[in-house]
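Quantities reported herein were computed from a predicted structural model and do not represent experimental measurements.
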Amino acid sequence: LWPWLLASSGLTALFQLVTLPFFPDSPSYLLIQKGNEEACRKAIRKLWGEGDHQAEIDDIMKEKAAMTSKKTLRVLELIKERSLRWQLYILMTVITTLQLCGINAIYFYSFEVFHTAKFEEYLIPYVSLGVGFCECLSSILCSTLIERFGRKVLLWGGYTLMCCVLALLTMALSLQHQFFWMHYFSVVLVFLFVIFYGTGP
């Protein structure tokens, strides 16, 4: 079953490959990069239907004017630019914390956690699949929450809850030989960590 499950991702890629030629190009790409206003109008009509879309075209033209007025910076120039320093620090912090938040360790050791929780050997891959499904659902949930609460709240909340879950998971794994229910508690914590990761960072 697993080879077929892995091969199924190729079906979605094939579907995208077949349907992609029928999708219109991005209006902003056609107007900013190609300079083709007529093709841009045609793409907008295809995406949003008939009507007066001059306001959208004006917005794209403003974006084009803003891009042409600014000089493209090289990497060293970007690092030396004082006006962009805080944005660079924030970006580096977010990327670093994303890499070091522990999600890779959770995925790597989840098999051991499920095995210790006395799951049958044939069930463990399906439980792992459930973890991935939870991440997918929480990412979809995040797209609705971000409009309501904003990125900052989700980042702070996600990392705070992930820290709490990791602390509890460490405690649960340390005490799993003393209390039988700690095995199942650690499984719940793995799922919670993945959900908080998907909705936060």
Looking at every non-hydrogen atom in both residues, tell me the closest pair between [X] and [Y] and how far apart they are.
{"X": "T170", "Y": "S174", "result": "O-OG, 2.8 Å"}
{"X": "F22", "Y": "K46", "result": "O-NZ, 3.3 Å"}
{"X": "T96", "Y": "M92", "result": "OG1-O, 2.6 Å"}
{"X": "C40", "Y": "I60", "result": "SG-CD1, 4.3 Å"}
{"X": "D25", "Y": "A43", "result": "O-CB, 3.5 Å"}

Establish whether [X] and [Y] are linked, either directly or via other cluster members, by ILVMFWY side-chain heavy-atom contacts under 4.5 Å.
{"X": "W181", "Y": "L169", "result": "yes"}
{"X": "L98", "Y": "I146", "result": "no"}
{"X": "I140", "Y": "L155", "result": "no"}
{"X": "I44", "Y": "F23", "result": "no"}
{"X": "I106", "Y": "F111", "result": "yes"}

Problem - CD (E147) with more than 12 external heavy atoms under 6.0 Å - result: no
Problem - Flag side-chain contact, heavy atom, 4.5 Å: N104 against F108 - result: no
Result block: side-chain N/O donor-acceptor pairs under 3.5 angstrom for residues 81-89, not counting sequence neighbours:
unit_1: E81; atom_1: OE2; unit_2: S83; atom_2: OG; d: 3.0
unit_1: R85; atom_1: NH2; unit_2: K80; atom_2: O; d: 3.1

Quick check for you: to the nearest 0.5 Å, what is the distance between [X] atom [atom1] and [Y] atom [atom2]?
{"X": "L14", "Y": "T19", "atom1": "CG", "atom2": "OG1", "answer": "9.5 Å"}
{"X": "L141", "Y": "S139", "atom1": "CG", "atom2": "OG", "answer": "9.0 Å"}
{"X": "W156", "Y": "R151", "atom1": "CH2", "atom2": "CZ", "answer": "14.0 Å"}
{"X": "E56", "Y": "L47", "atom1": "CD", "atom2": "CG", "answer": "11.0 Å"}
{"X": "D59", "Y": "Q54", "atom1": "CG", "atom2": "CD", "answer": "10.0 Å"}
{"X": "C163", "Y": "L168", "atom1": "SG", "atom2": "CG", "answer": "11.5 Å"}

Practice task
Under the side chain to side chain contact (heavy atoms under 4.5 Å, CB included) rule, what do S110 and V131 come out as? Steps first, then yes or no, please.
Solution key: CA-CA 9 Å; S110 62; V131 171; 5.5 Å; no
Test of understanding: with side-chain hydrogen bond (donor to acceptor under 3.5 Å, both in side chains), list the residues that count as partners of [X], not counting sequence neighbours.
{"X": "T97", "result": "Y159"}
{"X": "Q178", "result": "none"}
{"X": "E37", "result": "R41"}

Handout entry: Partner residues of F180 under the ring pair (Phe, Tyr, Trp, His ring centres under 6.0 Å) criterion, sequence neighbours left out
Key = none
List, one per line, each side-chain donor-acceptor pair under 3.5 Å for residues 185-201, sequence neighbours excluded.
unit_1: S186; atom_1: OG; unit_2: M182; atom_2: O; d: 3.3
unit_1: S186; atom_1: OG; unit_2: H183; atom_2: O; d: 2.5
unit_1: T199; atom_1: OG1; unit_2: I195; atom_2: O; d: 3.0
unit_1: T199; atom_1: OG1; unit_2: F196; atom_2: O; d: 3.4

Exercise for the section: Check whether any side-chain N or O of Q16 sits under 3.5 Å from a backbone N or O of A13 as a donor-acceptor pair, and report yes or no. Expected result: no
Exercise for the section: Show your working on side chain to side chain contact (heavy atoms under 4.5 Å, CB included) between L31 and N36 and close with a plain yes or no. Expected result: CA-CA 5 Å; L31 192 57; N36 191 339; over 6 Å; no
